[in-house]
Amino acid sequence: MILQRLVEHYDRLEGAGEGKLVPPGFSSQKVSFCIVLERDGSLNSFSSMQREENGKWRPSQLALPGNTKSSGSGENPCFLWDRTNYLLGWTSDPDLKKITRAPKLFEAFTRRHLRYQAHFADARYDALCCFLKAWNPALVEQHLQQLEGISRDCGVFRIAGEQAYLHQLFPMPGDWDAEKPKSKRSSVTTSGQCLVTGQSSEIARLHKPEIKGVFNAPPRGVPFVSMDKAAYSSYGKDQSHNAPVGTVAVFKYANALNHLLSLRERRVGLGDATIVFWADHSEPALEDCVAMLFGNLPGAADEDAPPGEDKQRVDEARVLLTQLRDGTRNAPVKPDGEPTKFYILGLSPNASRLSVRLWIEASAPELERRLGEHLSDLALKSNFDERPLSLRMLANATGRYQPSGKTKFDPKNVSPQLVGELARSVLTGAAYPQSFLATMVRRIRSDSYVGFERVSAMKACLVRNSRLRGAPQEISVELDTQQTDVAYRCGRLFALLEKAQIAALGKELNSTIKDKFFAAASATPALIFPRLFRVNTHHLAKLKQGSRSFYVNAFGELMSEPFIFPRQLSLEQQGRFFIGYFQERQYRAVAEKTISEETVDTDE
Amino acid sequence: MARGVRLHCWGDWALFTRPEMKVERVSYDAMTPSAARGVLEAVYWKPEIRWVIDSITVLQPIHFTSVRRNEVKDKISQDTAARVMKTGSGKLGITAADPDMRQQRAALLLREVGYIIDAHFKILSGPENAAKHLDQFNRRARRGACFTRPYLGCREFAAHFALLESDSVAPEPHESLRGERDLGWMLHDIDFTHDKQARFFRAHMRDGLIAVPGLDEATA
């Protein structure tokens, strides 16, 4: 299905006239310079084709005729484009072997192009031929300054005064590659049933172009389908004949995937996986929403859009997320009445291959429902700005809390698979990864930081797990005084005890009961709470009458439904403990602003 | 049908590998006819008959999960095997413990699957005694006998099976499978008579039922 959907996407983009899509017979290459010629063939100048991106100069991606250059020591000049060693007979590489080889390559380039001079019979092509005939690799010395910094990638040709490049004016001759040695050409073409289209067609032996843009994959590109080792071949087939895909289908799906990976806002890195997503109909609001969920702000890397538009899209996506959370969204429908379908593909590199980690096909209403479910599972009231929590933030919260570090949480201990698994749970509506709750609880116990992200994550796990078990248990988004769950009330109790201690002894305490007893209280309340109450009597004695009666009333209200402190709390109960603690603190911070020693700053 | 059988098979894991994603394995959404044929052949098969799958009913919702496993990158060569056969001793094994041989491969596979296979058999040679073959299959399926353990796509994912008698009530597909779903081009089978070419058919799932055309119709 993946290849089929990619082929459909290519057809749709082509039909819509998408400019950046590579047409058949072409490939996308990095171009960093352009040789500008006069009409008579003399050299005008070398101009740069680089564009500025994030402060760095990057080569432009152009669609150029022919395939990507294959590796190897043969001579394979490209049509009207190539690297400096073919175009000028010179290379900036200090390797001696490459320097001596460059003039030969230039000769091959010249020979090949001259052969077609009569075929084209055009003044501009003649200008090129004049230039090639007159050019001598030694002439590069005079132009070294112009070439500096732009000669790394490929170059194209242009006539001075004209807009179009030469490769856009002349179609590549069909027999351009006729010179290639027989062994390199896949002259033996097999035909069979293509597994993407179902039609009988010529089967591709190698799947090119390779896929570029997957994080941590080799930058030269990795084929999506390749059987390179003996163990991967079956039934006596070799290479991609194991998976018969027609050459046209190969071209389409590979270019569609490359196109998606090149769009910064449709491609997200989550842990060790790269996720691309697309819809079969333009739905920018929902696409931005999904992007935000993953952690990419829409429009962040789109340098063509004016800044005002970005903010509008961000706001629209936020509004949509809120609507999804509250369930107040009406799904828009395509003109033909069918709901838009969303496709999400997660890839991760493995040696020199790509593995598919995630593949989800969902209609827009279904996807919205799942996103809404996730968001409402996660919803938690906080006294601070309620930024929508992205998956990346949630996964990072399993790292160690560093109050003075560069990032809020140490990314070193965050499992790279966790983010990908979270994405899968959110998008399929399945349970969150089992380790998620456990890691979160463990982390809080070790560094005592009960932050908004961590509590939201635990609440989401508890709510979803209980719902999938068939016994849904609601956990409210803010303090629930009617909640009778023992672990929850223990957490609330702890928050009150800590507050009493700070009120009585002041802010200058070296260590509060939280520093000393938090982890133990969450695991074994029966052992710790009696001690805390004993110490609490001394704290209350130090307070003024008004404060004292406030605390006494608060305790009384909490314990109005009497309970026995449990000897041990299970993992899920510890989660509720922390949620109770957090919600009580949030509530008291808002309600009791008059108490000056309220230092809730440790929680955001 | 006089030669028709219904077998219910289920398991915890299944991996019906897509041919294009056979290195980093990705499973089809549902059982392929060739995998179904494999299950039936494991229960009962003789060279005189060939199983032909009529339909596959998906019972459980389709859930994917991803695992990573260590595997090997080579096959044992024929020459090595022949030599060992001749001499009577020698080392044939390749293990993933050898770092040169080890390749880590990810797999996207199915969890908690259940299928009902509707099939019939064709008699290729021997006496035209369909009742004999049918009876043997039914007896074996009833008592759980099999030549090798049936598996769901890959050998390590063993399948449980039970015969569905003509009068027994068949399990119903899960409600999430209601409606029509297009599963794209699915592998039908390998055509061993024509140079081991893979054949594909357009699969549509209606309320969990996938109707499987004959192998000849699957040829484009």
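Here is the naming used below: chain letters follow the sequence lines, and residue numbers restart at 1 for every chain.
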Item checked: chain A contact via B/Arg105 - which portion, at a heavy-atom distance below 4.5 Å -> both

Next item on the list: Could you look at B/Ile190 and say if it's the side chain, the backbone, both or neither that has a heavy atom under 4.5 Å from chain A?
Entry: side chain

Notebook entry, point to check: Does a donor on one side chain and an acceptor on the other come within less than 3.5 Å for A/Tyr10 and A/His259?
Noted result: no

Check: Between B/Asp195 and chain A, which part of the residue has a heavy atom less than 4.5 Å away: side chain, backbone, both or neither?
Finding: both

Next item on the list: Would you check if the side chain of B/Lys75 reaches a backbone N or O of A/Ser233 as a donor-acceptor pair within less than 3.5 Å?
Entry: yes

Next item on the list: Run the salt-bridge test on A/Lys341 and A/Asp280 with the 4.0 Å N-O cut-off and return the result as yes or no.
Entry: no

Note to self: Parallel, tilted or perpendicular, judged at 30° and 60°: which one describes the rings of B/Phe201 and B/His188?
What the structure shows: perpendicular

Check: Hey, is A/Arg370 close enough to A/Glu366 for a salt bridge, meaning N to O under 4.0 Å?
Finding: yes

Item checked: Heavy-atom pairs under 4.5 Å with chain B, option from A/Leu354, A/Leu358, A/Leu195 with the top count -> A/Leu195

Notebook entry, point to check: Counting only N and O atoms by type, is there a donor-acceptor contact under 3.5 Å from the side chain of B/Asp12 to the main-chain atoms of B/Glu112?
Noted result: no

Next item on the list: Under 4.5 Å heavy-atom distance to chain A, tell me which part of B/Glu71 shows up: side chain, backbone, both or neither.
Entry: neither

Next item on the list: Please look at B/Val26 and chain A and tell me whether the side chain, the backbone, both or neither of the residue comes under 4.5 angstrom of a heavy atom of that chain.
Entry: side chain

Checklist line | Parallel, tilted or perpendicular: ring planes of A/Tyr432 versus A/His374, cut at 30 and 60 degrees | finding: perpendicular

Item checked: A/Ser201, part contacting chain B, at a heavy-atom distance under 4.5 Å -> neither

Note to self: Heavy-atom pairs under 4.5 Å with chain B: which of A/Ala243, A/Cys194, A/Gly236 has the most?
What the structure shows: A/Ala243

Notebook entry, point to check: So what's closer than 4.5 Å to chain B heavy atoms on A/Ile360: side chain, backbone, both or neither?
Noted result: neither

Notebook entry, point to check: Between CZ of B/Phe161 and SG of B/Cys146, what distance do you get to the nearest 0.5 Å?
Noted result: 4.5 Å

Checklist line | Electrostatic pair B/Arg6:B/Asp118 at N-O distance under 4.0 angstrom | finding: yes

Note to self: Assess whether a salt bridge exists between A/Glu14 and A/Lys252, defined as any Lys/Arg side-chain N lying under 4.0 Å from an Asp/Glu carboxylate O.
What the structure shows: no

Check: Considering only heavy atoms, which portion of A/Thr197 lies under 4.5 Å from any heavy atom of chain B: side chain, backbone, both, or neither?
Finding: backbone

Next item on the list: Can you tell which part of A/Arg357 gets under 4.5 Å to a heavy atom of chain B, answering side chain, backbone, both or neither?
Entry: both

Notebook entry, point to check: Parallel under 30°, tilted from 30 to 60°, perpendicular over 60°: which one fits the rings of B/Phe157 and B/Trp13?
Noted result: parallel

Next item on the list: Using heavy atoms and a sub-4.5 Å threshold, report which of residues 35-52 of chain B line up against chain A, by residue number.
Entry: none

Margin query: Ring of B/Phe64, cation from A/Arg424 - is the NZ or CZ under 6.0 Å from the centre and inside 45° of the axis?
Written below: no

Item checked: Portion of B/Tyr28 that has a non-hydrogen atom of chain A nearer than 4.5 angstrom -> neither

